[in-house]
Amino acid sequence: MTVVTRFAPSPTGFLHIGGARTALFNWLYARHHGGTYLLRIEDTDRKRSTKEAIDAIVDGLDWLGLSPDGKVVYQSANTVRHAKIAQRLLDAGKAYHCYCSPEELAAMREEARTNGKPVRYNGYWRDRDPAEAPPGVPPVIRFRAPQDGNTVIEDLVQGTVTNANKHLDDMVILRADGTPTYMLSVVVDDNDMGVTHVIRGDDHLTNAYRQTQLYLALSWKPPAFGHIPLIHGSDNAKLSKRHGALGVEAYREMGYLPEALRNYLLRLGWGHGDDEIISTEQAIQWFDLNAVIRSPARFDFAKLDNLNGHYMRQAADSRLVELILPHLEKTLGHRLNEAGKSRLERGMEGLKERAKKTNNLIENARFYVINRPVPLDKKALIVLDSKGRQKVADILPLLSAAKNWEARVLEGLVRAYAEETGIKLGQVAQPLRAALTGSKTSPPIFEVMDVLGREESLGRLSDVTK
RNA sequence: GGCCCCGUCGUCUAGUGGCCUAGGACUCCAGGUUUUCAUCCUGGCAACGCGGGUUCGAGUCCCGCCGGGGUCACCA
């Protein structure tokens, strides 16, 4: 049997971090088994579905490298088929019309709640003669669920989970306006798409019972289920915006690399021994549902940052330049010429080691591409007091006389100077750094001079001696 | 409230009855390398929710309690 998985978000919001992980697990599972991974947009609720949300989901998936294998399926395109299936159930006596008004239903729930009874539809129309139907009330179609016995799910993550059928009520499968509800459409679509493995959030576990009943009523083979635990915030509550339930595009904007986010998400709720840094190839090879942790995990930015730092150091310099270029040009207010880009690329090795996110990179790279005179920040100003400026002035002629403008040569010159005058290297390096970069921290100062080039370096140094 | 699920360092996790004096990673702290910062290296703090069983032996199995979460729509 060929494995077919699917990621099925409802386009009512952006692709949030939990959804991204669900997509990842579906993708990984399909890849591991040499199967297919599909995307279905659950837009049966047209009122709440938006084009923007659909785009955000597709783009987010794309960015993460989790694009679907086939064409995107829109659930709303299948409503006729859904209604047909509902009719089939009705004809077979496995569903029935219910004429209860929303108000009646609300009252029913309210009463159950106040009496401390389970909140369920009471089956009022289940066995009632349709002839008693109130005139002019369009009915909904409810599924005639089995009332005895148990529904058992062999969940690939949760193990065997059982629920007594008496706990489940007769759900609405077709609304009064003829549109299908979620419960019906997922079953029909998953069946029609040949989905063999439904991997989704834990919050769907209770739905799985009802969906299984539906499959059985239709004489279809239910898929295998795998319900993965939800991601929680740092206070252990359901993930909300303030703990990182942001759209993946927000992570992108914050300066995270897709491979870092993927690695982080993979390790959140899944483990393979002591392995932490896991490549996509290895993940595909190792991933399976039985190693998914059954308890919810908390989202932790500190670990994501650490992982991101790792992948940044690993990333190609040219790619990083491409990534930060648009942002850099925006803060600069003008386009960068080739010389500027080349400086960035040559300086990137030293730059990327000092940044946790590409956002830090943008700030830290700025000094390489700004025009003289370099603005000095507060700390740089302190370093460049009269004494500091004097040091720069003292070294300036030495540097100007350098035969080759290379880091190693420059370092040799300055070290010799420090030794002769009996001062520590740091005491002269810091004023140079402040003058060259406008800041107290930067990549190694001789590397900076090398990248900046003779003319620019000398210019920046002489700027502070005036 | 009914039903379902979960419970190892602050966080992510390893652990499937003896290899556990509970391991790794992140964070934090202390050192070291270093021209700054960062990287890197060394070391340290830190956990089996509680109570009963079962067993020669329990983090690992069973029961109870406590705690946490999910779900109960003509939303998905």
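Letters A, B, ... mirror the listed sequences (proteins, then strands); counts begin at 1. For clarity, every value in this text was computed on a predicted model and none was experimentally measured. Quick note: numbers below take in every heavy atom, side chains included, and nothing from hydrogens, waters or symmetry partners.
Comparing B:G24 with B:A46, their P atoms sit 14 Å apart, to the nearest whole Å. Taking atom P on both nucleotides, B:U60 is separated from B:U42 by 33 Å, rounded to a whole Å. Annotation: B:A58 and B:G53 have their P atoms spaced 12 Å apart (nearest Å). With P as the reference atom, B:C50 and B:U8 are 11 Å apart, rounded to whole Å. Between the C1' atoms of B:G18 and B:G59, the separation comes to 13 Å (whole Å).
Contact annotation for A:Met171: no contact, since no heavy-atom pair falls under 4.0 Å across all strands. Residue A:Lys356 is in sugar-phosphate contact alone, with no base atom involved, counting any heavy-atom pair closer than 4.0 Å across all strands shown. In this structure, A:Arg120 reaches neither bases nor backbone, as no heavy-atom distance under 4.0 Å exists between it and the strands shown. At a threshold of 4.0 angstrom between heavy atoms, the contacts of A:Leu307 with the nucleic acid are absent. Using a 4.0 Å heavy-atom distance criterion, A:Gly350 is classed as making no nucleic acid contact. Using a 4.0 Å heavy-atom distance criterion, A:Glu276 is classed as a base contact. Residue contacts shown for A:His204 include a base, since a base heavy atom lies under 4.0 Å away. In this structure, A:Asn207 reaches the bases: a heavy-atom distance under 4.0 Å links it to at least one base atom across the strands shown. In this structure, A:Val140 reaches the bases: a heavy-atom distance under 4.0 Å links it to at least one base atom across the strands shown. Among the heavy atoms of the strands lying under 4.0 Å from A:Thr44 are primed sugar atoms or P, OP1, OP2 only; no base atom is included. Counting any heavy atom pair closer than 4.0 Å across all strands shown, A:Arg142 reaches sugar-phosphate atoms only and no base atom.
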Atom pairs under 3.5 Å, N or O on each side, protein against nucleotides 4-11 of chain B: can you list them with distances?
{"residue": "B:C5", "atom": "O2'", "partner": "A:Gln158", "partner atom": "OE1", "Å": "3.3"}
{"residue": "B:C6", "atom": "OP1", "partner": "A:Arg294", "partner atom": "NE", "Å": "2.9"}
{"residue": "B:C6", "atom": "OP1", "partner": "A:Arg294", "partner atom": "NH2", "Å": "2.3"}

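Taking the ring axis of A:Tyr121 as reference, the NZ or CZ atom of A:Arg142 stays within 45° of it and closer than 6.0 Å to the ring centre.
By the neighbour-count criterion of 12 heavy atoms within 6.0 Å, atom CG of A:Asn290 is densely surrounded, having more than that number from other residues, nucleotides or ligands. Taking a 6.0 Å sphere around CD of A:Glu132, one finds it holds more than 12 heavy atoms contributed by other residues, nucleotides or ligands.
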Decide ring-ring contact (aromatic ring centres under 6.0 Å, His included) for A:Tyr264 and A:Phe299; before the verdict, give the C-alpha distance in whole Å, the side-chain angles of both, and the deciding distance to 0.1 Å. CA-CA 10 Å; A:Tyr264 178 71; A:Phe299 193 87; 5.2 Å; yes
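Taking the side chain of A:Arg354 as heavy atoms from C-beta on, and the options B:A38, B:A76, B:C74, the nearest nucleotide is B:A38. Listed nucleotides B:C74, B:A14, B:U39 differ in distance to A:Glu353; the shortest reach to its side chain belongs to B:U39.
Residues that satisfy the salt bridge (Lys or Arg N to Asp or Glu O under 4.0 Å) test with A:Lys391, not counting sequence neighbours, are absent from this structure.
Considering only heavy atoms from C-beta on, A:Gln211 comes within 4.5 Å of A:Met183 through its side chain.
Within residues 433-445 of chain A, the residues approached by RNA chain B to less than 4.0 Å at the level of any non-hydrogen atom are A:Arg433, A:Lys440, A:Thr441, A:Ser442, A:Pro443, A:Pro444, A:Ile445, in residue-number order.
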